[in-house]
Amino acid sequence: MMYKDWSKTTDELTALMQQFGKGHPEVAKGFSQLAKAAEKDGAMSAKDKELMALAIGVSIRCEGCIAFHAKAAAGYRATRAEVLETIGVCLYMGGGPAFVYGAQALEAFDAFAEEA
């Protein structure tokens, strides 16, 4: 039994964000351009950047961020071991709350890794 349906979460949030984008397209387009520029390969790989984003999602306790970045990390073929180490750093820096959200991040990654 899973805590959350992570695929459904990304689908529902995507729909909500698209609704916002229809109402304020300039801001939505700007955010999308920023995301694409930030996540592309450079001095760091896109996969490593997604693991960083996943860690930030855990740290700020954002389930939507966890869902999107776990999905992206799985898409970049991050390994479960890499996700576990990412979450381990979150636990070190964030204590108990990071443990709770880190466990959710691992579940989300596992769900998306199965789909990939």
*Is it true that V27 and M17 fall in one hydrophobic cluster, defined by side-chain heavy atoms closer than 4.5 Å?*
no
*asked:* Grouping I, L, V, M, F, W and Y whenever their side-chain heavy atoms are under 4.5 Å apart, do I66 and V100 come out in a common cluster?
replied: yes
*Would you name the heavy atoms of K8 and D5 that are closest together and state the gap between them?*
N-OD1, 3.0 Å
*asked:* For residues V58 and M2: do they belong to one hydrophobic cluster (side chain heavy atoms under 4.5 Å, members Ile, Leu, Val, Met, Phe, Trp, Tyr)?
replied: yes
*Under 4.5 Å between any side-chain heavy atoms of I87 and F109, yes or no?*
no
_Can you give me the closest heavy-atom contact between S7 and E115, atom names plus distance?_
CB-OE2, 3.5 Å
*Is atom CZ of F99 surrounded by more than 12 heavy atoms (other residues, nucleotides or ligands) closer than 6.0 Å?*
no
*Which residue pairs pass the salt bridge (Lys or Arg N to Asp or Glu O under 4.0 Å) test when at least one of the two sits in residues 23-35, sequence neighbours left out?*
none
*Can you tell me how far CD of Q104 sits from CZ of R61, rounded to the nearest 0.5 angstrom?*
11.5 Å
_Over 12 foreign heavy atoms within 6.0 Å of CE, M93_ = no
_A side-chain contact here means heavy atoms from C-beta on lying under 4.5 Å apart; do L51 and Y76 qualify?_
no
*Taking all non-hydrogen atoms of both residues into account, name the closest pair between C65 and G57 and its distance.*
CB-CA, 3.9 Å
*Nearest heavy-atom neighbours spanning W6 and A67*: CE3-CB, 3.6 Å
*Straight-line distance of I56 CD1 to T86 OG1, nearest 0.5 Å*: 11.0 Å
*Give the cluster check for L54 versus Y3: same hydrophobic cluster or not, with ILVMFWY residues linked at side-chain heavy-atom distances below 4.5 Å.*
yes
*Please report the shortest heavy-atom distance between A70 and A108, naming the atom on each side.*
CB-CB, 3.7 Å
*Could you state the interatomic distance from CG (D41) to CD (E39), rounded to the nearest 0.5 Å?*
10.0 Å
*Would you give the length of the straight line joining atom OG1 of T14 to atom NZ of K71, rounded to the nearest 0.5 angstrom?*
6.5 Å
*Pairwise side-chain contact, V89 with E85, heavy-atom cut-off 4.5 Å (strictly under)*: no
*Under 4.5 Å between side-chain heavy atoms, hopping through other hydrophobics if needed: is there a path connecting V83 to Y92?*
no
*Please name all residues satisfying salt bridge (charged side-chain N to carboxylate O under 4.0 Å, His left out) with E82, sequence neighbours left out, ordered by chain then number.*
K47
*Test side-chain hydrogen bond (donor to acceptor under 3.5 Å, both in side chains) applied to D110 - qualifying residues, sequence neighbours left out*: R80
_Give me the atom names and distance for the closest heavy-atom approach of K49 to A38._
CD-O, 3.1 Å
